[in-house]
Amino acid sequence: MSLVDELRWRGMIHDIMPGTEELLEKEQVTAYVGIDPTADSLHIGHLVGVMMLKRLQHAGHRPIALVGGATGMIGDPSGKSQERNLLDETTLRQNQESLKKQISKFLDFETGAPNRALMVNNYDWMKDYTFLAFIRDIGKHITVNYMMAKDSVKKRLGADSKSGMSFTEFTYQLVQGYDFQVLYREHHCKLQMGGSDQWGNIVTGTELIRRIEKGEAYALTWPLITKSDGGKFGKTEEGNVWLDPERTSPYKFYQFWLNVSDEDAEKYLKIFTMLGREAIQQLVSEHTEAPHKRVMQKKLAEEITVLIHSREEYDMAVEASDILFGRGTRESLKKIREELFLSVFEGVPQYEVPTSRMDKDVLELLAVDTGVFASKGEARRMIAGGGVSINKQKLSDPGQRITEKDFINNRYLLVQKGKKNYYLIRVRES
RNA sequence: GGGGAGGUUCCCGAGUGGUCAAAGGGGGCAGACUGUAAAUCUGUUGGCUACGCCUUCGAAGGUUCAAAUCCUUCUCUCCCCA
């Protein structure tokens, strides 16, 4: 099966320029994907692009990850993102280094293989490029008419557009197009890939290459990743799901994938794992037979968590999940060794309360001394509704008192609001 | 500039002197069911020292025993005409 066929099967192709498939079959191709260095970590919204590069390298082609140090300062007109702030160069470099470390888990940058991955930063060729030189060398090859025909631009010029579009945003496609041209010239990069909203920008690049370099370049986009319920992919109540364990704990990360809906699981297995056709079909049929076992979600979460974090972190996340969602009891909780206990609850909100404050009813403890509840009324209602547990034991009386016997390891109380919200209260001697 | 409509709790939206912490819906949260799902059903959705009290209906004043409701001024939004 050709690379493009496989990508098609995986649902990773939205649009592809004629000739791209043939090109990928006949020679080793260098291709790139752009990434904004707005943070020092990738989040799972970046994952499709990185997987794309990984599959490309896997098939023997050469991937380039382009860090958009320059373009990231502008923001394209397609939308959601307002114009960005200028990052200072130090931050930019730091971010780039962090991103490279993360991407190294997917791509081989190190070996001497001819298709080893490359990371570049367009800031390097844009920073000293003067405005005058740019409009003289690049700008004159593309007409404004051409630029205005792009959807992203048209939308902003239409009558229904609320805010206008700045000249800077308008120029975005040229800057991005020039990136492609530079990579074409210096690395024989003939293909740019991106999300479906990038099509217009990519094509501007191929156009520049055609006109200035007299060369052929290609474009490939992947579809927007969706969720079956229409929500935005990659977001939780707490925000983005990051690859950086400091921002999103491996446990939360694992949980994110584990909770994917049935409809999405198959789709995500195809996109985000290296599992082959047979393996995925096997999982799908197993799932159809026993949906409650959620083999698809489990495999998905395993594959990705191991890839991003490690086998150890994955094991830990599974163990934590068992404790939190399995039929854990008060007794089993008390038996856990302290280090595991703490690692399980690492990402959970914690409150520290001195022993002197413990001698009162739970209501006060939960609503006043800690922020578990916003008000006593809320706490009272929740307890009455059977929604609060302490150490896995349902709380029925808001006037109940906590005694030392209740502490886990002599100093922890595990509070549960509903099924999924955990809070850890740590008792401090005073 | 002239005329009209209107601003209600997270959102939409009822309420036009006491029975209003304010209908109904949505959303949120929780319970049951379940697969840590979906669907469904149920409860809950201003605060407190809680059979009572306090703060809330654009803002400020006023009338009244009593105001989201009546009056005055201000303010913002929308629509129509010029």
Side-chain angles (χ1 to χ4, degrees), chain A residues 160 162 226-239 241 248-269 283-302 304-305 314-329 332-333 344-349 357 359-401 414-424:
Chain A
D160 49 330
K162 295 166 213 73
T226 55
K227 281 204 309 185
S228 55
D229 66 6
K232 247 198 176 138
F233 169 76
K235 296 270 183 182
T236 64
E237 303 74 44
E238 291 104 62
V241 177
T248 300
S249 70
Y251 164 73
K252 283 258 170 65
F253 187 85
Y254 169 78
Q255 282 284 322
F256 172 82
W257 297 104
L258 193 66
N259 279 313
V260 157
S261 74
D262 293 4
E263 301 86 275
D264 293 333
E266 181 183 350
K267 201 165 66 190
Y268 295 169
L269 276 168
L283 287 167
V284 172
S285 65
E286 268 180 57
H287 181 269
T288 318
E289 259 170 57
H292 61 281
K293 287 193 176 149
R294 290 191 293 160
V295 284
M296 290 198 299
Q297 284 92 336
K298 282 180 183 161
K299 191 64 182 169
L300 178 69
E302 175 185 347
I304 305 181
T305 309
Y314 161 75
D315 288 338
M316 202 82 107
V318 172
E319 197 167 349
S321 301
D322 276 350
I323 293 167
L324 296 179
F325 295 104
R327 38 203 193 301
T329 61
S332 68
L333 258 185
V344 166
F345 296 106
E346 203 176 1
V348 152
R357 311 274 306 169
D359 185 29
K360 64 179 73 156
D361 49 46
V362 245
L363 200 64
E364 184 128 352
L365 180 71
L366 298 183
V368 181
D369 290 320
T370 65
V372 178
F373 292 103
S375 73
K376 288 195 196 177
E378 190 191 337
R380 200 175 275 118
R381 278 193 297 273
M382 201 69 96
I383 292 171
V388 183
S389 296
I390 287 195
N391 299 340
K392 286 268 170 193
Q393 203 161 51
K394 216 159 240 185
L395 202 59
S396 50
D397 173 17
Q400 188 179 323
R401 277 169 193 277
L414 182 64
V415 181
Q416 226 173 321
K417 180 167 89 180
K419 274 192 187 116
K420 295 192 191 177
N421 308 301
Y422 285 87
Y423 302 86
L424 190 61

Roughly, in whole Å, what's the span from [atom1] in [X] to [atom2] in [N]?
X	N	atom1	atom2	answer
Gln255(A)	A37(B)	CD	P	10 Å
Trp257(A)	A37(B)	CH2	C1'	17 Å
Met382(A)	U42(B)	CE	P	19 Å
Asn421(A)	G31(B)	CG	P	9 Å
Lys420(A)	G35(B)	NZ	P	15 Å
His292(A)	A39(B)	NE2	P	20 Å
Gln297(A)	U34(B)	CD	P	19 Å
Lys376(A)	C53(B)	NZ	P	20 Å

Between [M] and [N], how far apart are the [atom1] atoms? Round to whole Å, please.
N	M	atom1	answer
C54(B)	A68(B)	P	14 Å
A50(B)	U42(B)	P	33 Å
C12(B)	A22(B)	C1'	16 Å
C41(B)	C74(B)	C1'	50 Å
U8(B)	C76(B)	C1'	16 Å
G17(B)	G13(B)	P	22 Å
G47(B)	U9(B)	P	16 Å
U16(B)	A5(B)	C1'	16 Å

Heavy atoms from C-beta onward define the side chain here; which of [options] lies closest to that of [X]?
X	options	answer
Arg381(A)	U36(B), U44(B), G35(B)	U44(B)
Asn259(A)	C29(B), U36(B), U45(B)	U36(B)
Arg294(A)	A50(B), U36(B), U49(B)	U36(B)
Phe325(A)	U36(B), C29(B), G35(B)	U36(B)

Let me know, please, whether Gly387(A) or Val260(A) comes out on the 5' side of the other along RNA chain B by nearest nucleotide.
Gly387(A)
RNA chain B nearest-nucleotide lookup for Ser321(A) and Glu364(A): closer to the 5′ end is Ser321(A)
[N] - base-pair partner by Watson-Crick or wobble geometry, distances under 3.5 Å:
N	value
C10(B)	G26(B)
G17(B)	none
C33(B)	none
C51(B)	none
U72(B)	A60(B)
C78(B)	G4(B)

Contact class for [X] vs. all strands (heavy atom < 4.0 Å): base, sugar-phosphate, or nothing?
X	answer
Lys298(A)	nothing
Glu378(A)	nothing
Leu258(A)	base
Glu263(A)	nothing
Ser261(A)	nothing
Asp264(A)	nothing

Looking at Lys419(A) and U34(B), is any side-chain donor or acceptor paired with a base atom of the opposite kind under 3.5 Å?
yes
Are Leu363(A) and Phe373(A) close enough that some pair of their side-chain heavy atoms sits under 4.5 Å apart?
no
Heavy-atom side-chain contact between Gln416(A) and Asn421(A) under 4.5 Å:
no
Under the 3.5 angstrom rule, does the side chain of Lys392(A) hit a backbone N or O of Leu324(A) as a donor-acceptor pair?
yes
Does Asp361(A) reach the main-chain N or O of Glu364(A) with its side chain, forming a donor-acceptor pair under 3.5 Å?
yes
Please determine if a side-chain N or O atom of Lys394(A) lies less than 4.0 Å away from the OP1 or OP2 oxygen of A32(B).
yes
Has Ser375(A) got a side-chain N or O lying under 4.0 Å from the OP1 or OP2 atom of C48(B)?
yes
How long is the straight-line distance from CG of Asp264(A) back to CG of Asn259(A), given to the nearest 0.5 Å?
12.0 Å
With a 6.0 Å cut-off (strictly less than), is the heavy-atom count around CE of Met296(A), excluding the residue itself, greater than 12?
yes
Just to verify, which of Trp257(A), Tyr251(A), Tyr254(A) counts as forming a ring-ring contact (aromatic ring centres under 6.0 Å, His included) with Tyr314(A)?
Tyr254(A)
Are Lys417(A) and Tyr423(A) in a cation-pi contact, defined as NZ or CZ under 6.0 Å from the six-membered ring centre and within 45° of the axis?
no
